[in-house]
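This report refers to the structure that appears directly beneath it.
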Amino acid sequence: MGRFSTLAAIVLGCLCSCMDKQDAQNDYPILPVSFTEVSVTDNFWAERIKTNHNVTIPIAIEKSRETGRIDNFAIAAGLKEGVFCSPYPFDDSDVYKIIEGAAYSLQMFPDKKLEQTIDSLIYLIGEAQEDDGYLYTNRTIMGANAHEWAGKKRWEKEDILSHELYNLGHFYEAATAYFQTTGKQKIMDIAIKSADLIYDTFGYGKIENYPGHQEVEIGLVKLYRVTGNKKYLELAKFFLDIRGKGSVGEKKTYNQSHLPVTEQNEAVGHSVRGAYMWSGMADMAALTGDKRYLDAITKIWEDIVYKKLYITGGIGAEGGFEGFGGPYELPNMRAYCETCAAIANVFWNHRMFLMTGDAKYIDVLERSLYNNVLSGVSLSGDRFFYPNPLESHGQHQRSEWFGCACCPSNISRFIPSMPNYIYARKGREIYVNLFVQSEVVLKIENNILNISQQTNMPWDGNVIIKVNPSKPENLSLKVRVPGWALNSPVPGDLYRFYNQLPNLPVIRVNGKEENFRIENGYVKINRKWKRGDSIEIGFPFEIRKILANEKIEDDRGKMALQLGPLVYCAEWADYKDPDILSMAVDKDAELISEYNPDILGGITMIRGDAFGIKKVGSNGDTETYPRLFRAIPYYAWAHRGPGQMAVWIPTEAGTARPKPLPAIASSGKLEASYPDGSLFSVNDQLFPENPADKSNLFYDWWPRKNQAEWIICNFEKAETVSSSGVYWFTDTPGGGCDLPASWRLFYKSGESWKPVKTGSPYPLVKDSLNKVFFEPVETSALKLEVQLSADYSAGIYEWVID
Ligand SMILES: [Zn+2]
């Protein structure tokens, strides 16, 4: 069994093997079967886990090096000269997350070189730790000149933005994982020295403040599980309980400190902070037996799943504060759905399942996992999404890295832990939660039980589960029946299937069809299992048409498609005419699915008939024409260049967005003083629908300011024009673009530019079309000259010419 033999639920932090150190009464009633006992043998997940090891982790280390994140430790350690050299005081946490990911990955892929790299990082971290255990490179390097978010003294701005405890939470997760993988004590020594300082610093009668970004709660619980030292559990409980209490810290919804945690019942504020906290509360409910934590997070879960969950399993609609909008506020193009929030949603829902044994939590977990989480990383493992929108004009593309790099580093640690979510166990009950071709070996008293799944999921619905005990054994196998194989995409009435399934799943035990009852989302097969027994499951694998609750404005008159656990989208690259937002599909249209091994790493595509909608005449009349419909799994979009994408497909002409009729500006060719890829958006005939609509593409001159700039529109042929208007892009306060100081229009006359003759001043109003009328001129081009203001740059959503 080697050095991994003591390993159990590494992701939750050694849940099983340390049970003897804890009160067996007080923990999750169900234990995950750790990914260390599970081998994934499919072509879907195994491929991604390998890519994460070979590509994502090395890239994350390299990017951390390039961006100064690793130098920060060397400088804090006094091994290198310099100042804090990355953008944010929480950048330490990326290095910790990479170590955690490497720890999981090393379980599957022993890799001496990677292990040496991680050891050298741990050496630097140890050297960067101050004598009393304090670990936060920004302050150690910068002293009184620390980042403005960090404050002048230790912990002074902890409840605001310093992220001192947030970094440590990730460090404790990394330390326990790396220790469990390698048995190396060094990283645990650093973690314990740090946590002991935190224990002496925070608590009742000490500093009574809460963490500004939750995470340390999860980390401390893992430290407790591995060390068995109850003071870390006590400290985690303190950090939860002090939140929103008394005179401590500012109370705000942004970081869920507006109320004591057990009195909260709605999902508000920053979604990653929230979901990390709710995961910590689940741990606390399990470990202390205090039901108040579970009651609160159950209400919050219902608030999300009934009102605030995207069909992709994404949470957190609002970009401005990276958090939850109001009930049913689920816009598609400006959906935030941060990758980290989807990962946190998996953590949380897994814990809810371990607590309750209810498959509805796995339904939500699976939805987040196969859709929003997977979309967060490219198939090649080297490009990342931070927000994961459900609709695009092409403005969204994955990036190599981000200044704030939480998402890629989170991906690097999450993907190798994925097998942890497939199986779980409660005594003699074995749960099969996810359908992934895999093998697991379990020890049940004196018996060794080998369970394997053969399946081609997510590409078809057939699963064969083989049960091989070394001697006959009485056990219950609890097989999850996913909501998509029945008639409910998620609990509640936020989404519903339009087409009901004609058939129920079919289950055969040793070839004999069994009648079954579904309880809490599971079929329980209870028998004396012997070598060679098998269960065959046929889940109905039909394209499911999903309709949203009418209260979700952006989804009205549209449908989404799901096949197995995968949500689908239409993407421009599969169409002759890449304008797909002007297309609709009848709700009753017959759709078929077909596996195509040659595109996007092998995917099942959905095909059928659609209709296009185009404008005819200037009175708004439209005409429809036949088009072909194609859809791909959402996770696979944005691999073939920028263009339109939509998860929610119009089902009627009225909800499609036909292209406006060609206009003078829209058919003209643009040039600009500062050309870039977004220039086309100036004449794409798309305006914000209202001041709050930030989904439109724009062109801007940022970071230039206090100078003159221009755009020229060269017409297809000479035109007589007499008016023109500009809809300015502004993002003040906070952003860099405001209205310009002034603007003027010139027309081309021979080879020279002449000002148009207008009797009135050029208007300058935010959030509207600034129109100017002038004496008609016949010309082949119009030039818009813009004087940028002294303090801000300027940008344009749309320029129209009549
Ligand atoms: Zn993130």
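Both ligands and their constituent atoms are indexed starting at 1 by order of listing. Source: prediction; values computed, not measured.
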Cut-off 3.5 Å, no hydrogens considered: what does the side-chain donor-acceptor table look like for residues 401-408, sequence neighbours left out?
none

Query raised in the report: Taking all non-hydrogen atoms of both residues, which atom of Tyr634 and which atom of Cys569 are closest, and how far apart?
Result: CA-SG, 3.9 Å

Query - Salt bridge flag under 4.0 Å for residues Glu329 and Lys307 - result: no

Report summary line: Given a cut-off of 2.8 Å, the protein N, O or S atoms lying below it from the Zn ion (ligand 1) are Glu338 OE2, Cys340 SG, Cys406 SG, Cys407 SG

Query raised in the report: Charged N to carboxylate O under 4.0 angstrom, Lys63 versus Glu66?
Result: yes

**Report entry** Heavy-atom check, side chain of Phe90 versus side chain of Ser162, under 4.5 Å
**Finding:** no

Query raised in the report: Should Asp92 and Arg69 count as an ion pair when the cut-off is N to O under 4.0 Å?
Result: no

